[in-house]
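Letters A, B, ... are given to chains in the order of the sequence lines, protein chains preceding strands, and every chain is numbered from 1.
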Number of protein chains: 2
Amino acid sequence: MIEKTLQILQIDNIDLQILSILMNDATTPYTEIAKELVVSSGTVHVRMKKLQELGIVTGSNLLINPQKIGYDVCAFIGIYLQKGSEYHDAVKKMQDIPEVVELHYTTGVYSMFAKVVCRDTNHLRAVLNEKLQAIEGIQRTETIISLEESIKRQISLEDYIEAGKKK
Amino acid sequence: MIEKTLQILQIDNIDLQILSILMNDATTPYTEIAKELVVSSGTVHVRMKKLQELGIVTGSNLLINPQKIGYDVCAFIGIYLQKGSEYHDAVKKMQDIPEVVELHYTTGVYSMFAKVVCRDTNHLRAVLNEKLQAIEGIQRTETIISLEESIKRQISLEDYIEAGKKK
DNA sequence: GTTGAAAAGTGCTGCGA
DNA sequence: TCGCAGCACTTTTCAAC
């Protein structure tokens with residue numbers, strides 16, 4: 001089943017290994033990747049261009065430690081909407097709240113589920129009371145505060161790479 | 001209060017603006033940043049080195065679209081542990097489950113809260129039944145499936161940059 | 001701490017296989 | 001389609017301010 005996906009996507013093991021390396025460090029020089037995979041740097045370049053055109057690679061970003069710049073509080077907020085249909089309006093308003101770093105439309109008890117990053121608990125309270133509760137259609141929220149983020153990573157491509165090797 | 005944080009961290013507006021640019025695209029050349037901020041590329045280089053040494057910048061990664069490589073299902077899992085003290089053992093075992101991309105130790109009804117990315121609902125079920133439930137100490141889980149990720153971004157440094165300007 | 005330029009290394013492109 | 005080689009650009013360093 002994994003092999004099938006790879007065929008549909010038209011990507012092979014070299015593509016996957018390039019992705020795997022760059023997902024850990026987007027600044028890895030192409031020459032170094034080329035050396036590791038025993039291909040030319042031109043090949044790495046062509047593959048990356050293809051992956052970008054296919055929309056698999058969407059960009060790159062710098063990872064910063066939010067705590068080190070004074071953003072100490074991370075929380076998840078379950079949001080109850082008065083009607084599910086109000087979701088798209090609510091999304092637009094949530095866009096304007098910079099503290100909201102993720103927003104999902106979900107199954108289960110909540111209509112929406114947000115991840116927010118704040119400086120401290122006061123800041124969190126301000127976001128909840130002044131920003132979120134002010135949005136029309138939001139009925140009620142439930143907050144889960146993260147005391148420690150123990151794992152933070154991207155999905156692994158190992159399974160795919162293994163599957164590709166067997167083929 | 002924001003100004004205070006900046007002083008403690010020993011970072012100024014130039015640092016913040018460099019971060020802000022690179023957070024959106026980690027591959028932006030230093031020369032281009034230098035032009036935009038009207039400083040030399042050497043300065044940008046020195047600042048970035050400092051930010052890395054301070055632990056503010058922790059790395060960079062390539063953003064990929066999980067759906068494009070067949071990872072269609074994103075879910076949040078609230079986990080009840082038999083005892084809260086079992087958290088650190090559970091974390092170690094969760095590390096070995098590649099589908100778990102985030103793990104938090106939380107307040108509220110759940111002991112732990114995880115974000116998982118799977119290929120499809122079957123895959124998610126396999127992770128829940130075969131991997132998570134097999135971990136000793138995990139009593140029960142509650143799953144929230146994300147039907148749509150409407151917002152996905154990093155924290156904004158705009159507030160800090162504004163505060164720095166006023167000063 | 002910043003600058004500007006020089007040296008080293010990397011990214012990109014076209015040609016050949 | 002892939003690999004090789006050359007040019008342009010970027011990174012990095014360093015002496016001078």
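If you take NZ of A:Lys35 and C1' of D:dC4, they are 17 Å apart, rounded to a whole angstrom. If you measure from atom CG of A:Asp12 to atom P of D:dT1, you get 12 Å, rounded to the nearest angstrom.
For B:Glu102 and A:Arg153, the salt-bridge test fails: no basic side-chain N is under 4.0 Å from an acidic carboxylate O. In this structure, A:Arg47 pairs ionically with A:Asp12, as a charged nitrogen and a carboxylate oxygen lie closer than 4.0 Å.
Put simply, CD on B:Gln139 and CD on B:Glu86 are 9.0 Å apart, with the number rounded to the nearest 0.5 Å.
Side-chain N/O atoms of B:Tyr80 and B:Glu142 include a donor and acceptor closer than 3.5 Å. Checking B:Tyr87 against A:Ser150 by side-chain atom types alone, a donor-acceptor pair falls below 3.5 Å.
Counting all heavy atoms, side chain and backbone alike, B:Glu149 lies closest to B:Lys152 at OE2-CD, 3.1 Å. Closest of all the heavy-atom pairs between B:Lys50 and B:Ile11 is NZ-CA, 4.4 Å.
Taking 4.0 Å as the cutoff to heavy atoms of chain B, we find the contact window on DNA chain C bounded by C:dT2 to C:dT3.
Counting non-hydrogen atoms under 4.0 angstrom, B:Val39 reaches the backbone sugars and phosphates but no base.
Tracing side-chain contacts under 4.5 Å through hydrophobic residues (I, L, V, M, F, W, Y), one never reaches A:Leu63 starting from B:Leu54; they form parts of separate clusters.
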Do any N or O atoms of the protein come closer than 3.5 Å to N or O atoms of nucleotides 7-11 of chain D, and which pairs are they?
unit_1	atom_1	unit_2	atom_2	d
D:dT11	OP1	B:Tyr30	N	3.3
D:dT11	OP2	B:Tyr30	N	2.8

